[in-house]
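This structure is a prediction, so every number in the text was calculated from the model and none was measured. Scope of the values below: all heavy atoms of this structure, side chains included, with no hydrogens, waters or symmetry mates. Just so we're on the same page: letters track the sequence lines, and every chain starts at 1.
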Protein chains: 2
Amino acid sequence: MGRAREFDVDGALDAAMRTFWERGYDGTSLSDLTEATGVGRQSLYLAFGDKQRLYLAALDRYREHFYLPLLEALSGTVDVRAALRAAILPLLDGSCADDPRGCFLVAAAAERAGDDAEVRARVTAAFAGLETVLLEAAQRGRAAGLVADTVDLPGWAALTVTTIQGMRVMEAGGADRSTLIRALDTVLAMLHP
Amino acid sequence: MGRAREFDVDGALDAAMRTFWERGYDGTSLSDLTEATGVGRQSLYLAFGDKQRLYLAALDRYREHFYLPLLEALSGTVDVRAALRAAILPLLDGSCADDPRGCFLVAAAAERAGDDAEVRARVTAAFAGLETVLLEAAQRGRAAGLVADTVDLPGWAALTVTTIQGMRVMEAGGADRSTLIRALDTVLAMLHP
DNA sequence: CTTTTTCTTGACCGATCGATCAAAAAAGTA
DNA sequence: TACTTTTTTGATCGATCGGTCAAGAAAAAG
């Protein structure tokens, strides 16, 4: 079997994810990663491959830990407005102080999607998945009488996924929180019956 | 007076802007910049200062050449919907093939706003300026009878500026054009009387 | 002319980049 | 025990990073 691995792979990947999330791909050096993870350089290479593979693994971990829970919260409700507001407002009011600002997927889209097809595939899949879940939730809401019959739901879903990504950009850019909340409330108000 | 400068400062700044726009701050090296501008390293430093100052100058130039025209197009019309559609659709359909994909301000917000207060100030000012112009244009549209009386215009302006930034992220991330156009049309349709 | 000032050129700086190598250490197998 | 396999450690690789230095070239001022 050989020597047992001494570090926790998931913990190291979590630390690497936060570092990439905070400083970006080009802004994160291998020394940053060894310091953040507490894992030696060669051990990182053996466990994850080179820097790009580690970045992709970090992106996948972000998706599992921060993106899929949002999708599941939407999948399990007929009240899209309440679920979305509950999921997104905490991201804006500083109650996630331990997490870096902004969205890792948005940062990846802006920095790496043009250069790295694997990043682009993950980003587009994540965005498309959110749009689908939003549409299905809105359709359930309509069936339950919580959503107006006059709203174009596919259009609303496309607008809402776009709005969410825009909020994360403007959040990272230091925009006023009240503007972002107003934007979110406006797109949610479209569904009012 | 000393020796005359041999290169065109505006042309060099334009080339530097496109390089930063395309590859980001950390992704652009001084060698990239000397190659793109055709200007020697020391000449760049004398004309613009260090890398950060050149980046800020490039950001200002982007604002002047790509952002202010949008604001002016909105300032000069009562038909917000037509003006916005005319301004944004070309960005999505590949007819700006000579320009890099995505929005330089969005990339700057994602990559540098957290680290550089001067970048953050420019980004927030640009976003806030667009929101103001959108609101004023919508108010003119209402006075002209082109916008429904029931719409919350400040909310609509906040949503629309957020949507535009979201479109640029998703565009950079390789999202389907039809989704982005649908999102834009949905937010514009909110104004229909 | 000479002097002064500015710009250009190309070499160069220490630091850091991502990545690799070799040897020691720890585990299972025989 | 000895052998094999894997991980860890730390040194090290060539390349490149942002930034600077010094000498020469060009323009205005004397």
Output the residues of residues 9-35 of chain A in contact with DNA chain D, where contact means a heavy atom of the residue under 4.0 Å from an atom of the strand; sort by number or write none.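 Those residues whose heavy atoms fall under 4.0 Å from DNA chain D, taken from residues 9-35 of chain A, amount to none.
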Measuring from atom CG of A:Leu44 to atom NZ of A:Lys51, what distance do you get when rounded to the nearest 0.5 angstrom? 12.5 Å
Is a side-chain donor-acceptor pair under 3.5 Å present for A:Thr77 with A:Asp79? no
Under 6.0 Å between the ring centres of B:Tyr55 and B:Phe104? yes
Would you say the side chain of A:Leu184 lies within less than 4.5 Å of the side chain of A:Leu180, judging by non-hydrogen atoms? no
At under 4.0 Å between heavy atoms, which parts of nucleotides 1-15 of chain C does protein reach? Answer with one letter per nucleotide, 5' to 3': B base, S sugar-phosphate only, - none. ----BBBBBB-----
Can you tell me how the ring of A:Phe66 sits relative to the ring of A:Trp21, calling it parallel under 30°, perpendicular over 60° and tilted otherwise? perpendicular
Given side chain to side chain donor-acceptor pair (under 3.5 Å), test B:Asp176 with B:Ser178 step by step and report yes or no. CA-CA 5 Å; B:Asp176 199 10; B:Ser178 62; 2.9 Å; yes
Taking A:Ala109's backbone N and O only, do any of them form a donor-acceptor pair with A:Arg120's side chain (distance below 3.5 Å, no angle check)? no
Does a sphere of radius 6.0 Å around CZ in A:Arg85 hold more than 12 heavy atoms from other residues, nucleotides or ligands, not counting ones at 6.0 Å or beyond?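 No, not enclosed.
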Starting at atom CZ of A:Phe48, determine the distance to atom C1' of D:dT7, rounded to an integer number of angstrom.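 So the CZ-C1' distance, A:Phe48 to D:dT7, works out to 14 Å.
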Nearest-Å distance for atom pair CG/C1', residues A:Asp50 and C:dG18: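 Going from CG in A:Asp50 over to C1' in C:dG18 covers 9 Å.
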